[in-house]
Amino acid sequence: MTDNLVIIAGGGVGGLATALTLHQIGVPCVVFEAVREMRPLGVGINLQPNAVRELYDLGVGADALDRVGAPAKEWALVGLNGAEIYSEPRGLLAGYKWPQYAVHRGQFHMLLHDKAVARLGPGVVRLGSRVTGYRENADGGVTALVEHADGSLSEMRGALLIGADGIHSAVRAQMHPDQPPIHWGGAVMWRGAAWAKPIRTGSSFVGLGTHRHRIVFYPISHADPRTGLALINWIAEVTMDNSDGWKERGWFRQVGVEDFIRHFENWVWDWFDAPALFRRTESVFENPMIDRDPVPTWRDGPVALLGDAAHAMYPTGSNGASQAIVDARVLGAAMIEHGVTPEALAAYDAKLCGPISQLILRNRGAGPFGLLNLVDERCGGQFDNIDDVIPREERAQFMAGYKAAAGFAIEALNAAPRTIPEGARVRGA
Ligand SMILES: Cc1cc2nc3c(=O)[nH]c(=O)nc-3n(C[C@H](O)[C@H](O)[C@H](O)COP(=O)(O)OP(=O)(O)OC[C@H]3O[C@@H](n4cnc5c(N)ncnc54)[C@H](O)[C@@H]3O)c2cc1C
């Protein structure tokens with residue numbers, strides 16, 4: 001092993017984007033992933049244009065993304081009366097130089113895994129290996145403590161450790177032992193995906209209902225040219241009293257449609273039949289909408305947090321996976337400037353921890369779905385003409401404010417130089 005070795009805890013979207021980035025800039029790494037076998041788990045996620053730009057720069061282009069998802073064309077909010085509150089074009093149609101992709105999380109994850117194995121070699125992503133903690137070394141490096149699926153323990157020394165081990169991060173727990181428990185604001189989500197005819201533009205994200213009782217759905221595949229059907233990702237969500245905390249079993253469990261459909265039994269319009277979509281779904285998962293309180297820093301000497309381990313946030317802004325990818329690239333850029341050193345981690349932390357912590361709190365306050373709050377407050381969700389409830393300009397201003405905070409304001413992104421210049425390598429790599 002070399003002096004430059006970076007150890008990555010977690011082979012999810014963030015860990016694998018980091019491994020691919022390090023390989024691109026000439027830094028050796030090893031990824032310890034707790035699961036014994038990589039499987040295509042999860043349903044839909046969105047890759048915002050700022051993340052798609054980074055994927056393209058990593059050599060993960062439209063051909064690959066079109067196999068695991070489809071470019072998003074529109075984002076729309078609809079009231080309980082079935083009438084539109086707000087809509088805007090997305091991706092290339094909105095003027096971005098890069099598309100937004102709605103993808104199947106599991107298939108996208110497998111795509112990154114296959115690329116990592118092909119480029120870095122089969123021994124780099126080590127499955128069945130859970131990082132349980134770390135120790136700083138006298139020489140300034142770090143030792144990762146690893147527990148293997150067969151029960152054996154091992155240690156690995158490296159220059160840096162990146163904790164990309166998700167919302168239940170062991171690395172974060174050691175870095176911030178006094179962090180509060182996972183935060184649940186009272187919303188419960190049921191999720192699934194089923195084949196159905198896509199509506200509106202054919203690739204529209206639709207948020208329907210109120211801020212406490214809603215459905216979100218969008219296609220995560222191109223429509224099959226023979227049947228016209230696309231895989232539609234859906235999330236049904238209800239907010240309840242959270243004063244007793246989350247009492248159900250586990251954070252993520254498979255349930256039956258009958259366990260929740262009563263909340264949406266009458267959600268039928270001539271253009272959309274929610275119960276029918278739910279009933280056609282093979283596997284439904286229940287999970288509470290959770291996040292973590294921000295921490296003041298993502299760095300402890302030669303160790304840094306990345307992705308959900310750093311900033312688990314509500315999915316309301318569709319930016320958890322996108323931000324994990326951007327984190328990996330900002331980290332790579334910091335290494336190009338400062339080498340494979342704790343200073344690089346400090347620069348990465350200084351750039352992202354503050355603003356992204358603000359974003360966590362903003363998403364907690366409903367994120368872009370805040371418009372539904374306003375409609376609810378002003379007219380109880382019933383309106384004839386939305387302009388009488390929230391003037392067009394106010395709607396546009398609200399969304400512009402959110403997008404600037406989330407890092408996907410159009411002009412700023414289009415004008416920004418590459419995060420990692422083409423061909424850039426870490427000095428001495
Ligand atoms: C199984 C699964 C399904 C998901 N499904 C969805 C979904 O349907 N919709 C959605 O919006 N988001 C989903 N997410 C979350 C989404 O993937 C993340 O919010 C986002 O991609 C950020 O990625 P991440 O790499 O930081 O975290 P994650 O994607 O959570 O990846 C973390 C990885 O670290 C591994 N790990 C955990 N602890 C350790 C440890 N101590 N040592 C080594 N490895 C460890 C985990 O097995 C996992 O592979 C899912 C996450 C997982 C793990």
Side-chain angles (χ1 to χ4, degrees), residues 45-51 72-96 98-100 102 185-187 189 200-201 203-218 235 237 239 289 291 294 311 313-323 326 354-416:
I45 56 174
N46 269 274
L47 302 172
Q48 300 292 348
N50 60 342
K73 293 185 180 154
E74 187 193 35
W75 190 91
L77 291 180
V78 176
L80 266 181
N81 55 0
E84 179 175 309
I85 291 172
Y86 177 84
S87 69
E88 61 173 31
R90 281 287 163 119
L92 297 175
L93 294 178
Y96 288 103
W98 303 272
Q100 172 180 333
M189 296 182 289
R200 295 178 70 104
T201 63
S203 191
S204 292
F205 174 110
V206 178
L208 167 63
T210 73
H211 63 293
R212 297 179 68 82
H213 189 187
R214 67 181 179 225
I215 299 174
V216 166
F217 57 97
Y218 54 90
I235 303 162
E237 189 187 314
T239 299
M289 195 189 285
D291 68 0
H311 49 66
M313 53 179 122
Y314 283 1
T316 42
S318 306
N319 41 12
S322 301
Q323 189 57 46
V326 170
I356 302 307
S357 296
Q358 291 302 316
L359 189 58
I360 296 172
L361 299 177
R362 208 175 168 115
N363 278 0
R364 215 176 253 187
F369 289 98
L371 270 182
L372 292 178
N373 298 18
L374 285 181
V375 175
D376 201 44
E377 273 162 29
R378 293 184 189 176
C379 67
Q382 295 302 326
F383 56 88
D384 291 325
N385 182 349
I386 189 62
D387 290 338
D388 299 337
V389 184
I390 311 179
R392 180 178 299 274
E393 197 151 294
E394 190 181 347
R395 302 197 301 268
Q397 258 172 18
F398 181 95
M399 288 303 294
Y402 180 80
K403 280 188 274 188
F408 33 91
I410 299 173
E411 292 76 20
L413 182 65
N414 283 350

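Judged as a side chain to side chain contact (heavy atoms under 4.5 Å, CB included), and not counting sequence neighbours, the contacts of Leu80 are Thr210, Trp267. With sequence neighbours excluded, the residues satisfying side chain to side chain contact (heavy atoms under 4.5 Å, CB included) with Gln382 are Asn81. Asn385 pairs by the side chain to side chain contact (heavy atoms under 4.5 Å, CB included) definition with Asp387, Asp388, not counting sequence neighbours. The side chain to side chain donor-acceptor pair (under 3.5 Å) search around Ser357 returns none, not counting sequence neighbours. Residues forming a salt bridge (charged side-chain N to carboxylate O under 4.0 Å, His left out) with Glu88 (at least two apart in sequence, or on another chain): Arg90, Lys403. For Ala416, the side chain to side chain contact (heavy atoms under 4.5 Å, CB included) criterion is met by Arg53, not counting sequence neighbours.
The closest donor-acceptor contact from the side chain of Asn414 to the backbone of Gly95 lies under 3.5 Å. The main-chain N or O of Ile390 is never found under 3.5 Å from a side-chain atom of Arg378 such that the two would form a donor-acceptor pair. At distances below 3.5 Å, not a single donor-acceptor pair connects side-chain atoms of Tyr218 with backbone N or O atoms of Ala72. Formation of a donor-acceptor pair under 3.5 Å by the Thr201 side chain with backbone atoms of Lys73 is not found in this model. Judged by distance alone, with hydrogens and angles left aside, the side-chain atoms of Asn373 form no donor-acceptor pair with the main-chain N or O of His211 at under 3.5 Å.
Using a 4.5 Å cut-off on side-chain heavy atoms (C-beta onward), Asp376 and Arg212 make no contact. Put simply, the side chain of Asp291 does not reach to within 4.5 Å of the side chain of Asn363, judged on heavy atoms. Two residues are said to be in side-chain contact when any heavy atoms from C-beta on lie closer than 4.5 Å; Val389 and Ile85 fail this criterion. Side-chain contact check for Gln100 versus Asn46: some heavy-atom pair is nearer than 4.5 Å.
What you find for Ala94 and Ile410 is that their closest heavy atoms are O-CD1, 3.2 Å. Residues Ser322 and Asn50 approach most closely at CB-OD1, 4.3 Å, considering heavy atoms.
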